[in-house]
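A short write-up of the structure that comes next.
Residue numbers start from 1 in every chain, and the chains themselves are labelled A, B, ... in the order their sequence lines are given, proteins ahead of strands. These numbers come from a predicted model, not from an experiment.
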There are 2 protein chains.
Amino acid sequence: MYEKERAQSSTHFTFGISVDCVVFGFDGSDVKVLVIKRGTEPYLNFSAIPGDLVHEQEDPLDATKRVLNELTGLKDIYLEQLKAFAGVNRHPLGRVVTIAYYSLIKISDYNPQPSSWATDATWTSIQDIEEMAFDHFEIFSSALNRLQERVRLRPIGFELLPEEFTLAELQYLYEKLLDQTFDKANFRKKILSMDLLIPLEKMQKAVRHRPARMYRFDSNRYADLTKKNFHFEL
Amino acid sequence: MYEKERAQSSTHFTFGISVDCVVFGFDGSDVKVLVIKRGTEPYLNFSAIPGDLVHEQEDPLDATKRVLNELTGLKDIYLEQLKAFAGVNRHPLGRVVTIAYYSLIKISDYNPQPSSWATDATWTSIQDIEEMAFDHFEIFSSALNRLQERVRLRPIGFELLPEEFTLAELQYLYEKLLDQTFDKANFRKKILSMDLLIPLEKMQKAVRHRPARMYRFDSNRYADLTKKNFHFEL
DNA sequence: TAATAAAGTGTTAAAAAAACACTTTATTAG
DNA sequence: CTAATAAAGTGTTTTTTTAACACTTTATTA
């Protein structure tokens, strides 16, 4: 019953451990996910979520950061574990338990990396995701659900926007993430009343109408407020 | 990069997979967790969360149900995966990745099982949990956090109560789970307005004051409402 | 029969959310 | 230079929800 005494005994089977990471981005119009195309069997030519096997002496979180860096060239990405997917037959070639993560990136920071396998990574709108290799569609769905819950209770939407953004862009992002609309005046009042946004002198450029003010998310302020028992909500 | 082609190659290392399950109960006064006492090294005599290694051809969810059944004699328990804990050095005797679950049971249904290892399982109040074997305290904390978030957004508190309960019992449970108090009149109005409770003819027994009406959670009604886009909240 | 202890209800005040109309302003077309 | 435009940005009212708190009811027990 205790896990430890058997850890090296015959009940210690051979499992493969992998990580898979659902990478979300926002291009200003749609919420997207980074999807790769498989080049080998099984599931040849199927879409899949980027991932890799975890090395023998590697923390899965580090493995995910490694994959993400190879894929996007980025470090210090917002990253959360979703959960493990570990069904007996989820992998046709053996027992592989995968630990799924999701991450949020600023899509403008993304630069396709010239690695052998990553050149065919493409941003796909979340409503266009369909069939995928292994149980990756299930992983994607879980990640999207989790993100939708999370984004209402934590100020993580900003991870998907440029450092500086307008209130209209922020509102539009939330509308796309949550698949609902908001009243402009009410949305502004709510988000500004939280006192989490720093208004900048800078104004929106290259639009053919009145330019909007740019804002920046104040993460220090959020940290302070959190200590004072403030809770972000939508 | 793809997980499949390496699944049987030399990069397929030997990991042990275990499950651990944080079992919550409510005795009418306190929210409790089922804790076992370890009888072997490492962490001899430390408190720990019940768990076991996952068999070679076993789904971790099934493994958890097996552990739970051996421990409590119960089946069909409310059970959710929390997440995987997989740090390189979390287990002193080898690489063991554990998938953590939490479950909610009606404490009155619990019967200590006479298995060799389970006789020393004890219900411990959540505020009394301290040092634990491995990273089990961290697992416990995560599970409690998750439960506190979950219980506000899903009608899962009822899993901890007897089938039939009074509104005062329900209120008291929520107060203990969330560590806050509620106004009696307002709590009643809110919970009854959701139309999720069936009032019974039966009244509370053996109290030395006016007996309260008993209620039952209407899970069919909840399923219906959910289809109509109803969202439970606190 | 009266005291009790908690069950259960009603009312009001305050705050938050929703609805919606309006004003402002940089840009561009004429 | 002026007017039309298109979206930015604000103000007001109504409705709903939450919070506070006092009160009434009723089975039990002394």
Side-chain angles (χ1 to χ4, degrees), chain A residues 28-29 151-153 155 157 161-162 164-217 225 228-234, chain B residues 28-29 151-153 155 161-162 164-176 178-217 225 228-234:
Chain A
S29 300
V151 87
R152 298 191 61 247
L153 300 174
L161 291 177
E164 304 180 346
F165 49 85
T166 69
L167 294 184
E169 285 165 355
L170 184 64
Q171 179 181 341
Y172 194 61
L173 168 64
Y174 274 103
E175 291 181 339
K176 288 296 183 174
L177 275 171
L178 297 172
D179 202 23
Q180 64 179 272
T181 59
F182 296 97
D183 177 272
K184 181 174 50 154
N186 296 335
F187 182 86
R188 285 166 168 261
K189 269 176 279 188
K190 184 158 194 173
I191 201 83
L192 289 176
S193 73
M194 293 185 201
D195 209 23
L196 288 172
L197 299 186
I198 304 172
L200 305 175
E201 294 312 313
K202 200 181 297 186
M203 298 306 237
Q204 197 178 27
K205 286 264 159 50
V207 285
R208 59 184 194 293
H209 56 268
R210 177 179 177 181
R213 181 174 297 283
M214 310 289 291
Y215 290 83
R216 174 191 291 278
F217 175 65
L225 287 174
K228 291 168 189 156
N229 222 261
F230 162 84
H231 288 280
F232 179 89
E233 190 170 338
L234 178 47
Chain B
S29 299
V151 88
R152 296 191 63 245
L153 300 174
L161 291 176
E164 303 179 348
F165 51 83
T166 69
L167 294 182
E169 286 164 356
L170 184 64
Q171 180 180 341
Y172 193 60
L173 168 65
Y174 274 102
E175 290 180 340
K176 288 296 182 173
L178 297 172
D179 203 22
Q180 65 178 269
T181 58
F182 297 95
D183 177 272
K184 181 173 53 155
N186 296 335
F187 181 85
R188 285 167 167 260
K189 268 176 280 189
K190 185 159 195 173
I191 200 84
L192 288 177
S193 73
M194 292 185 201
D195 209 22
L196 287 173
L197 299 185
I198 303 171
L200 306 175
E201 293 313 312
K202 203 182 292 189
M203 298 306 238
Q204 197 179 27
K205 285 266 158 50
V207 285
R208 59 187 193 291
H209 57 267
R210 177 178 176 182
R213 180 173 298 283
M214 309 290 292
Y215 290 83
R216 172 192 292 278
F217 174 66
L225 287 174
K228 290 168 190 153
N229 223 259
F230 161 85
H231 288 281
F232 181 90
E233 190 169 338
L234 179 55

query = In whole angstroms, how far is the C1' atom of D/dA8 from the CG atom of A/L192?
reply = 13 Å
inquiry  = For a quick check, tell me whether the side chain of B/K184 and the base of C/dA7 share a donor-acceptor pair closer than 3.5 Å.
reply    = yes
note = Encoded 5' to 3' (Watson-Crick or G-U under 3.5 Å; [ ] crossing; | other strand), DNA chain D becomes ||||||||||||||||||||||||||||||
remark   = Residues A/F232 and A/F230: closest non-hydrogen pair is N-CE2, 3.5 Å
request  = Please check if the side chain of B/Q204 supplies one atom and the backbone of B/A212 the other of a donor-acceptor pair under 3.5 Å.
outcome  = yes
inquiry  = Judged by each residue's nearest nucleotide on DNA chain C, which is more toward the 5′ side, A/A185 or A/R208?
reply    = A/A185
task = Measure the distance from CE on A/M214 to P on D/dA8 and round it to the nearest whole Å.
result = 12 Å
request  = Taking all non-hydrogen atoms of both residues into account, name the closest pair between B/E169 and B/L161 and its distance.
outcome  = O-CD2, 4.5 Å
query = Where each residue is assigned the nucleotide of DNA chain C containing its nearest heavy atom, which of B/P211 and A/P211 is assigned the position nearer the 5′ end?
reply = B/P211
remark   = Atom CG of A/L167 and atom C1' of D/dT10 are separated, to the nearest Å, by 13 Å
query = Using a cut-off of 4.0 Å on non-hydrogen atoms, how would the nucleic acid contact of A/R213 be classed: base, sugar-phosphate, or nothing?
reply = sugar-phosphate
remark   = Smallest heavy-atom separation, A/D183 atom then A/Q171 atom, equals C-NE2, 4.2 Å
remark   = Rounded to whole Å, the NZ-C1' distance (B/K205 to D/dA27) equals 13 Å
task = Would you mind telling me which of D/dA7, D/dA27, D/dC21 lies closest to the side-chain atoms of B/N186?
result = D/dC21
request  = Kindly point out which of C/dT24, D/dA6, C/dA18 is positioned nearest to the side chain of A/R210?
outcome  = C/dT24
ask   = Step by step, would you call A/F182 with A/L234 a side-chain contact (heavy atoms from CB on, under 4.5 Å)?
value = CA-CA 11 Å; A/F182 296 97; A/L234 178 47; 3.7 Å; yes
ask   = What is the distance from CE of B/M203 to C1' of D/dT28, rounded to the nearest Å?
value = 14 Å
ask   = Whole-Å distance between C/dG10 P and B/F187 CZ?
value = 19 Å
request  = Please tell me which of the listed nucleotides, C/dA17, C/dA19, D/dC21, lies nearest to the side chain of A/K190?
outcome  = C/dA17
query = In whole angstroms, how far is the P atom of C/dT9 from the CZ atom of B/R188?
reply = 7 Å
ask   = Is the base of C/dT11 touched by the side chain of B/K189 through a donor-acceptor pair closer than 3.5 angstrom?
value = yes
request  = Work out which heavy atom in A/G157 is nearest to a heavy atom in A/L173; give both atom names and the distance.
outcome  = O-CD2, 3.4 Å
ask   = Testing B/R213, B/R216, B/K205 for salt bridge (charged side-chain N to carboxylate O under 4.0 Å, His left out) with B/E164, which one passes?
value = B/R216
task = Report the distance from atom CD of A/E233 to atom P of D/dT18, rounded to the nearest whole Å.
result = 10 Å
